[in-house]
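A quick write-up on the structure given underneath.
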Amino acid sequence: MTPDNSLQEKESKLADLKVAKELWPFIKPYLWMLILSTLLIFIATFLELLMPLFIQNAFDGFIVPVGPENGIHFFGFGIDSFQTFCLLFFVFILTLFLIDFFQTLFMEYTGQKIILNLRCSLFAHMTFLPVAFYDKNSSGRLVSRVAGDVENMNEMFTSILLFIFKDILLMIGILIILFTIDIKLSFYLSLLVPVIVISIGVFSKILRKTFRTIRQKIAEINHSFSEAISGIKIIQTTSSRNTFMQRFVTLNFEHFTATLFQIKIFSIFMPFIGFLGVLSVAIILWTGSFEIIEKSLTLGELVAFLTYMKLFFRPLRELSEKFNLLQSALASAERIISILNNDKAKQRISKKRHYIDKITTLVFDQINFSYEKNKPVLTDISFCLQEGRSIGIVGQTGSGKSSLINLITGFYQPNDGNIFINDINQASVNIKDIRDKTALVMQDPLLFSGSIRENIKPSGRDLDALRLEKALHNANCDFLFKKFSGLDTIIEEGGRPLSSGEKQLVCIARAFAFNPDLIIFDEATSYMDSQSEQKVHDAMKKLMKGRLSIIIAHRLSTVKECDTILLLRDGTIREQGSHHELVELKGEYYYLLEKEKI
């Protein structure tokens, strides 16, 4: 299964504004919380900007008084006592703490709600995506998006975005205040700003590309691990452990290399910012000391200036770290958006399409289909199935039997020809209506972890225990009441503790509870002992009564009672008719029947 390279190309072309636009529907419901957090950030930033002024006034008013007497005037208030000044400073710090607390609380809550809705929307969207999408994207890659990529965006919503805004706001405020304290010193500092801005831009561009590579490698590692776990029996019995181990080691080394490159870039960037900070302090100390001697600058003003400088480079270092996290989060956001932008699912379930109340006829009219260009799977397939009738489809492996099912259920769409449901073209019917009225019993019975009740009860339908128990009895699932706990029987991963035949009977019970108009059996009796097969056949007959039925089978004995039998070979219908008609024809069907008897 190869990755969808086209998706990766789209991911790499998304700009930051495009990402913000795509995520806006998830952010909009909590806009008022974001506004409140932003308002608190404004207040907190304003109070932080006052901190060095308190220090300046402590030096110039009390520690090394500029005038003959102690005391200061702060925002129009005269303060003569140092104790009063310290009490005011304590109240100031406490206020700043409370504002930071509530701002963090509001922002964390908002971010978690956004992530909750994003993950649920992504999962819901993926359950509607065409099967072709899953053919091109491995399960490990998709799990990486739903789990890893969404979680990777958590920091972006909970802290990064607003704190970046806070840091930028704080830096702008500091520059303004510095110019009011000393224009010459502030001018020297402002010369470093363009260097800082350009360096952040260059490094962020490199980091974004690196994080895309890292996230892709994580997805490939997840896929490799998932594939190894699902095929662990084959790996152990074919002695292919070393092959898989080497592949896994290679993927891990590629991830290690990409991560190491990111660390190298960041290890250059952070010391560079630190160097600029040290250089600015050296310039201020050198220039400021001469101004103190000339008495054009007080000691308190120099201390305040140095404090503001420290305050200026603190958010700058935090910006560097947050840019690191932001680039990683944006790389994850691009990957998530690439899935959410796949609107084929929305098109197939549009309310503007025709509504089907009950499926009464199914017609294939000269259908041609292929999974890949120039590799036909089905050619000129035509047949008609009416209510209460059944069609059996037989043929060798690779003849196109399962592809017919993929077209009926809308997992894929034909290249040419038309499929009609009740004389309405399937392409203009809401695909959800078709699937709601169709039950599919697969070759490999699949039961989910949970109770039998949860496995057979149709979603959104209110069925009481009596109706569910009736479905189990109709499907010959009496063993659930004799050996287990009936509807409350707990199913573990892999369908344990049920056997293959028992799992298939439960799947048929699920179809009974679903009460479909169209029932499809895809090799439903494969890999079973004769006793289990007989029970499944009996349950199938009950389920088929009064419905449109399609049975796909390798063994001809499974379909001989069908009203019509289609024999496929190389994607075309070679023979068509009832069992007796095909036997009398003494063609390919007759030859296979005789071979089966041997």
Side-chain angles (χ1 to χ4, degrees), residues 14 16-51 91-127 142-173 204 208 211 215 218 311 314-341:
L14 285 175
D16 292 353
L17 290 178
K18 174 69 173 177
V19 171
K21 181 180 178 182
E22 296 291 343
L23 294 177
W24 175 246
F26 300 98
I27 300 173
K28 187 177 179 181
Y30 308 101
L31 184 60
W32 69 274
M33 292 288 286
L34 291 175
I35 292 174
L36 179 59
S37 294
T38 304
L39 179 62
L40 290 176
I41 280 179
F42 267 110
I43 298 173
T45 304
F46 175 73
L47 294 179
E48 281 192 55
L49 289 172
L50 294 181
M51 185 83 70
V91 173
F92 170 83
I93 293 174
L94 180 62
T95 303
L96 182 59
F97 166 76
L98 291 175
I99 291 174
D100 278 337
F101 170 78
F102 284 108
Q103 186 276 324
T104 303
L105 183 66
F106 291 151
M107 198 60 234
E108 286 288 339
Y109 174 80
T110 304
Q112 292 299 330
K113 289 291 290 183
I114 292 173
I115 290 298
L116 170 68
N117 294 337
L118 179 61
R119 185 180 281 115
C120 290
S121 297
L122 182 62
F123 181 82
H125 184 80
M126 289 175 67
T127 58
L142 297 176
V143 167
S144 176
R145 295 193 187 188
V146 175
D149 284 331
V150 174
E151 187 60 33
N152 202 37
M153 293 175 62
N154 186 25
E155 282 287 326
M156 182 172 72
F157 287 120
T158 54
S159 59
I160 294 175
L161 292 179
L162 280 185
F163 275 92
I164 286 178
F165 170 73
K166 177 183 178 180
D167 290 340
I168 293 174
L169 188 66
L170 189 63
M171 290 169 64
I172 293 173
S204 65
R208 174 79 73 88
F211 276 115
R215 298 308 302 177
I218 290 175
L311 200 60
R314 189 199 71 190
L316 194 57
R317 284 190 294 271
E318 290 177 355
L319 271 176
S320 305
E321 295 174 1
K322 288 182 174 62
F323 257 77
N324 189 15
L325 296 172
L326 180 62
Q327 299 310 310
S328 177
L330 288 174
S332 294
E334 291 170 341
R335 294 158 59 81
I336 292 170
I337 290 168
S338 69
I339 295 180
L340 294 175
N341 282 347

Test side-chain contact (heavy atoms from CB on, under 4.5 Å) on W24 and L31; report intermediate values, then the result.
CA-CA 10 Å; W24 175 246; L31 184 60; 3.9 Å; yes
Would N117 and Y30 satisfy side-chain contact (heavy atoms from CB on, under 4.5 Å), going step by step from the backbone distance to the final call?
CA-CA 11 Å; N117 294 337; Y30 308 101; 2.7 Å; yes
Let me see the working for R119 and F123 under side-chain contact (heavy atoms from CB on, under 4.5 Å), right down to the final yes or no.
CA-CA 6 Å; R119 185 180 281 115; F123 181 82; 5.7 Å; no
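- The structure places CD1 of I93 at 12.0 Å from CG of L98, a figure rounded to the nearest 0.5 Å.
- Note: L39 CG to F106 CZ = 10.5 Å, rounded to the nearest 0.5 Å.
- Interatomic distance, E108 CD to K113 NZ, rounded to the nearest 0.5 Å: 14.5 Å.
- A pairwise comparison of heavy atoms in I99 and A44 identifies CG2-CB, 3.9 Å as the closest pair.
- In this structure, CG in L34 is found 5.5 Å from CD1 in I114, a value given to the nearest 0.5 Å.
- Surrounding CZ of F92 are more than 12 heavy atoms belonging to other residues, nucleotides or ligands, all under 6.0 Å away.
- Atom CG of L96 sits about 5.5 Å away from atom CG of L47, to the nearest 0.5 Å.
- For the atom pair D100 CG and T95 OG1, the distance stands at 11.0 Å (nearest 0.5 Å).
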Show, in sequence, the C-alpha distance, side-chain angles and deciding distance for T38 and Q103, and conclude whether the side-chain contact (heavy atoms from CB on, under 4.5 Å) test is met.
CA-CA 8 Å; T38 304; Q103 186 276 324; over 6 Å; no
